[in-house]
Amino acid sequence: MEEVANTVDGFMTSEIWNGKSLSDLLTLEFLASAAGSILGAITIILLGWIVSAWLQRRVSNLGRKNRHLDEMLFDFLASIVRYVVLGFTLLFVLNTFGVQTTSVVAVIGAAGLAIGLALQGTLSNVAAGVMLILFRPIKIGDFVEVAGQMGTVKVINLNFTELADLSNVQVIVPNSEVWGNVITNYSSNATRRAEWTFGVGYGANLKDAENIIRDTIMADERAHSDPAPFIQVTNLGDSSVDFLVRVWCSAGDYFAFRADMTREVKEALDAGGVDIPFPSRTIFYANSDAEGEAKKETTSTDVAPLESPAARQDHRED
């Protein structure tokens with residue numbers, strides 16, 4: 001029994017926390033002090049949580065109230081503000097219990113370095129997400145082409161950018177791929193220039209063809225007269241005289257306007273009697289007879305058909 005009593009006595013008097021023994025910790029004075037620290041920590045946590053949430057809402061609302069400010073940027077700043085406040089709240093709680101915060105910060109720094117080395121790819125996405133949010137080369141609702149993917153921007157966060165492609169399929173692109181590659185933003189400017197190439201036959205009246213093309217396109221309300229349209233002959237092809245047509249329109253009308261005008265101009269040229277040729281080639285066969293006559297044949301393909309000597313002899317006999 002003496003040994004047990006000595007063991008218990010030694011346990012009660014040995015230092016176990018912050019220079020205090022178990023017997024010191026079980027005193028009413030210490031328990032009251034610990035209860036006060038716990039209540040203080042709970043109060044600090046509640047206040048920190050409430051203040052961080054309030055500041056987050058305030059910062060986010062700044063971006064929503066003013067239409068000239070980027071809502072996404074202010075949501076990002078609001079998140080940073082909240083986490084900073086929560087971080088300081090944690091330090092205050094630790095300080096309440098007598099923990100040396102300088103050592104805690106050092107441990108967090110060392111752990112952060114190790115985690116950073118292990119998550120290099122993820123952190124590169126986060127860094128790229130910060131750059132995208134701060135510099136805003138693309139915004140939610142823009143129609144873009146990034147990392148070989150084309151679609152409408154739906155979400156931009158710290159890790160990835162979400163697109164909806166032309167078939168409304170969700171496409172997730174890591175932010176490092178977005179920021180590290182060429183970004184083509186089709187919604188950046190309010191207007192775009194649509195371009196077509198229309199070919200007419202060599203026997204067509206070029207002035208009439210130009211007027212038909214111009215009248216058809218400019219009659220559409222989506223076509224802009226300023227800047228002036230460009231409609232000129234730019235190429236003499238193998239089978240056609242080519243008009244290059246460039247007309248400005250609103251960015252949102254571009255695809256439908258370009259498709260509609262392709263069909264309407266073709267129908268207008270047909271109605272105006274302007275020939276739209278298809279590729280053809282005229283082939284001459286030279287005879288070896290004394291008269292030196294030549295017969296010609298026209299095909300509808302770019303490649304001349306091959307004939308055997310017997311077939312050529314049949315042409316001569318005919």
Check the pair V178, F160 against side chain to side chain contact (heavy atoms under 4.5 Å, CB included), reporting the backbone distance first and the verdict last. CA-CA 9 Å; V178 177; F160 61 84; over 6 Å; no
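- Applying the side chain to side chain donor-acceptor pair (under 3.5 Å) rule to T89 yields no partners; only residues at least two apart in sequence or on another chain are considered.
- Applying the salt bridge (Lys or Arg N to Asp or Glu O under 4.0 Å) test to K154 and every residue at least two apart in sequence or in another chain returns nothing.
- Here the straight-line distance linking atom CD1 of I138 with atom CD1 of I156 works out to 4.0 Å at 0.5 Å rounding.
- When only modelled atom types and interatomic distance are considered, N175 and T161 share a side-chain donor-acceptor pair under 3.5 Å.
- Sorted by first and then second residue, the salt bridge (charged side-chain N to carboxylate O under 4.0 Å, His left out) pairs involving residues 247-260 (not counting sequence neighbours) are R222-D260.
- Within the structure, the salt bridge (charged side-chain N to carboxylate O under 4.0 Å, His left out) test picks out the following pairs touching residues 177-196 (sequence neighbours left out): E195-R246.
- Contacts of D270 classified as salt bridge (Lys or Arg N to Asp or Glu O under 4.0 Å), with partners at least two apart in sequence or in another chain: K266.
- Closest heavy-atom contact between T152 and G141: CG2-O, 3.8 Å.
- Minimum heavy-atom separation, A78 to S60: CB-OG, 3.2 Å.
- Nearest approach of A194 to Y254, heavy atoms of both residues: CA-CE1, 3.6 Å.
- By the 4.5 Å heavy-atom criterion applied to side chains, T197 and V245 are not counted as neighbours.
- In this structure, the side chain to side chain donor-acceptor pair (under 3.5 Å) partners of W196, at least two apart in sequence or on a different chain, are T262.
- A donor-acceptor pair under 3.5 Å is absent between the side-chain atoms of T216 and the main chain of I213, judged by distance alone.
- Applying the ring-ring contact (aromatic ring centres under 6.0 Å, His included) test to residues at least two apart or on different chains, the pairs with a partner in residues 125-145 are F143-Y186, F143-F255.
- No side-chain heavy atom of I276 sits under 4.5 Å from any side-chain heavy atom of F198.
- Residues in residues 204-217 take part in these salt bridge (charged side-chain N to carboxylate O under 4.0 Å, His left out) pairs, two or more places apart or across chains: E210-R214.
- A single hydrophobic cluster is not seen to contain both I80 and L86; linkage of ILVMFWY side chains at heavy-atom distances under 4.5 Å, directly or through other members, places them apart.
- Y202 meets the side chain to side chain donor-acceptor pair (under 3.5 Å) test with no other residue; sequence neighbours excluded.
- P137 and N185 make their closest contact through O-ND2, 3.1 Å (heavy atoms, listed as atom of the first residue, atom of the second, distance).
- Judged by distance alone, the side chains of S167 and D165 never bring a donor and an acceptor atom under 3.5 Å apart.
- Between the CZ atom of R82 and the CH2 atom of W54 there is a distance of 14.5 Å, given to the nearest 0.5 Å.
- Taking E221 as the reference, nothing meets the salt bridge (Lys or Arg N to Asp or Glu O under 4.0 Å) condition, with sequence neighbours excluded.
- Judged as a side chain to side chain donor-acceptor pair (under 3.5 Å), and not counting sequence neighbours, E264 has no contacts.
- Residues A268 and I212 come closest through the heavy atom pair CB-CG2, 3.6 Å.
- Taking a 4.5 Å side-chain heavy-atom cut-off between Ile, Leu, Val, Met, Phe, Trp and Tyr, the cluster of W248 contains only that residue.
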